Trainee: 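A single structure is presented below for examination.
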Number of protein chains: 2
Amino acid sequence: MNLHDLKSVCGSCTIRELCLPAGLSDEEVHLLDQHMEHRQVVSKGDYLYRVGDPFRSLFAISSGFFKTVLLHEDGRGQITGFQMMGELLGLEAIHSDHHVCDAVALEDSAVCTIPFDQFEQLGQVMVNLQHRFNKNLSREIVREHNVMMLLGSMRSEERLANFLIDLANRHAHRHQSSVEMTLRMTREDIGSYLGLKLETVSRLLSRFHDEGLLEVRGRRVKILDRNALALRRTEAQH
Amino acid sequence: MNLHDLKSVCGSCTIRELCLPAGLSDEEVHLLDQHMEHRQVVSKGDYLYRVGDPFRSLFAISSGFFKTVLLHEDGRGQITGFQMMGELLGLEAIHSDHHVCDAVALEDSAVCTIPFDQFEQLGQVMVNLQHRFNKNLSREIVREHNVMMLLGSMRSEERLANFLIDLANRHAHRHQSSVEMTLRMTREDIGSYLGLKLETVSRLLSRFHDEGLLEVRGRRVKILDRNALALRRTEAQH
DNA sequence: CATCGGGTTTGACCTGTGTCATTGTACCCT
DNA sequence: AGGGTACAATGACACAGGTCAAACCCGATG
């Protein structure tokens, strides 16, 4: 194995611990690597997969940003999540062997691919991998529980505050600034995810801006008063 | 092994194919059985587990009906799902080794219990079990996607119509009447799940009743015009 | 059988968010 | 540089669903 090989695999990937290989030993990571296809480019606007596509592989986001969209017969669509570096795409497809939502790159991105049948075989020999994967699936369930809470019982302001803080946390986790961020999605995307209309999202951002919680210039957002923003996530204050 | 033993295990369980053992061979089911504790009673109103409880076991509902409730600091709660015979409880806890919601029996129920560490070991030796379990987790993710769609982009009438049809389908799947059902939950529970207030749920039920779609008497609901009800799930008609 | 209490229904009114329409802004392309 | 095409901000108004309050129903309990 030469230097080039080393650089291209999970073992030397900077986000290794955020991603599928998290918690695996070097040998295990190496074994996993053998089955993966690394760093395939997905350009901004491209679909990684679409509803109805047969499910073959899981995708780990190596860099970039995606949204997953569920579409309803009557044209309405719902964004079910935004995914960033280190997160997995395709988990929803395991159940029916077909993708049930669209995955769209919101900026130029790269993904690593692993055929799911091979992945399951690896799970048989690597307890650790299987265990971590179970946790991964469970985490996704928990994440969605929280979105249900947000959509089912929070008011618009609370929803947006939660959204922004969550985004900031995920940036921080990736050693990116959690203060200044550039949103990868449109106001309409945010609205779809939060169960609001884009006008409402826009008005709320302006409000937060006017109140000195944020500085908003188009898609650049700077969090000026994180504590105050965090308070807005809940009804308590006024 | 005597007759009583036989009756108490998955192999002879009437809902075997709806439950954890679905798709397993007789030997596999037998092996699984060894590790399970069968048919523990949970009385109406009892908590199967609560937020913060350490996660040890998965629960398969052998009979009865549950709700899972996510609670927010400020007292608000969100019902994340209603579970019936054959469905699994506890999946959300795998991620953090602690339960993150409450599970409450809405009628006298019984569950079968399997320690999760033993379950994972079984998964190592039974490809099939692991494969099915992955699908199970994925199905839960898909289910929650659909709830997100419902909460994020549907109007109250559509939400309730979806809820009723979904409930009817699940009854049918269990060979129970999908026409006459008795709701196990209060109007408030339904409202919480659907992101509506109980008054709204009540009014909608009355409306469907007046329009001849349903016959509603307290918690007894009879679906009179399934097609018309199904149409209400979407915006198209008027 | 009467009482009690949680759950349900219904009404009148209010408000947060959606809708529709206009204008503003920024970036891409030639 | 200019001009076109998204995306975004803002205002005026409408309405679905929330809120508050009252009455009702019905099964459990003594």
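Given the structure is predicted, the values throughout are model-derived calculations rather than measurements. Letters go in sequence order (proteins before strands), and every chain restarts at 1.
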Trainee: Reading DNA chain C 5' to 3', which nucleotide is the first, and which the last, to come under 4.0 Å of any heavy atom in chain B?
Mentor: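 That gives a stretch of C:dG7 to C:dA12.
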
Trainee: Return the set of residues passing ring pair (Phe, Tyr, Trp, His ring centres under 6.0 Å) with B:H99 (not counting sequence neighbours), or none when no residue passes.
Mentor: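 Partners of B:H99 by the ring pair (Phe, Tyr, Trp, His ring centres under 6.0 Å) criterion, ordered by chain and then number, come out as B:Y49, B:F55.
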
Trainee: With a non-hydrogen cut-off below 4.0 angstrom, is B:L196 in contact with a base, only sugar-phosphate, or nothing?
Mentor: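 Result for B:L196 = sugar-phosphate.
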
Trainee: Considering residues at least two apart in sequence or located in another chain, which fulfil the ring pair (Phe, Tyr, Trp, His ring centres under 6.0 Å) criterion with A:H171?
Mentor: none

Trainee: Mind checking what makes salt bridge (Lys or Arg N to Asp or Glu O under 4.0 Å) contact with A:E140, not counting sequence neighbours?
Mentor: A:R143

Trainee: Run the ring pair (Phe, Tyr, Trp, His ring centres under 6.0 Å) test against B:F65 and tell me which residues pass, sequence neighbours left out.
Mentor: none

Trainee: Of all residues at least two apart in sequence or in a different chain, which pass the side chain to side chain donor-acceptor pair (under 3.5 Å) check with A:K135?
Mentor: B:D97

Trainee: Name every residue in residues 182-192 of chain B that has at least one heavy atom under 4.0 Å from any atom of DNA chain C, in order of residue number, or write none if there are no such residues.
Mentor: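 Residues of residues 182-192 of chain B under 4.0 Å from DNA chain C: B:T186, B:R187.
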
Trainee: Heavy-atom contacts under 4.0 Å between residues 65-73 of chain B and DNA chain D, which residues?
Mentor: none

Trainee: What's the separation between atom CE in A:M154 and atom CE in A:M149, rounded to the nearest 0.5 Å?
Mentor: 7.0 Å

Trainee: Taking everything shown except B:H173 itself, do over 12 heavy atoms lie less than 6.0 Å from its NE2?
Mentor: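 Incorrect, the count does not exceed 12.
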
Trainee: Would you list the protein and nucleotides 23-27 of chain D atom pairs, both N or O, that sit under 3.5 Å from each other?
Mentor:
from, atom 1, to, atom 2, distance (Å)
D:dC26, OP1, B:R217, NH2, 3.3

Trainee: If an axis is fit to five pairs at each end of the helix from C:dC1-D:dG30 to C:dC27-D:dG4, what is the angle between the two, to the nearest 10°?
Mentor: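 The angle separating the two end axes equals 50°.
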
Trainee: With sequence neighbours left out, write down each residue that passes salt bridge (Lys or Arg N to Asp or Glu O under 4.0 Å) with A:R184, or none if nothing qualifies.
Mentor: A:E107

Trainee: Quick one: salt bridge (Lys or Arg N to Asp or Glu O under 4.0 Å) partners of A:D166, sequence neighbours excluded?
Mentor: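 A:D166 satisfies salt bridge (Lys or Arg N to Asp or Glu O under 4.0 Å) with A:R170 only.
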
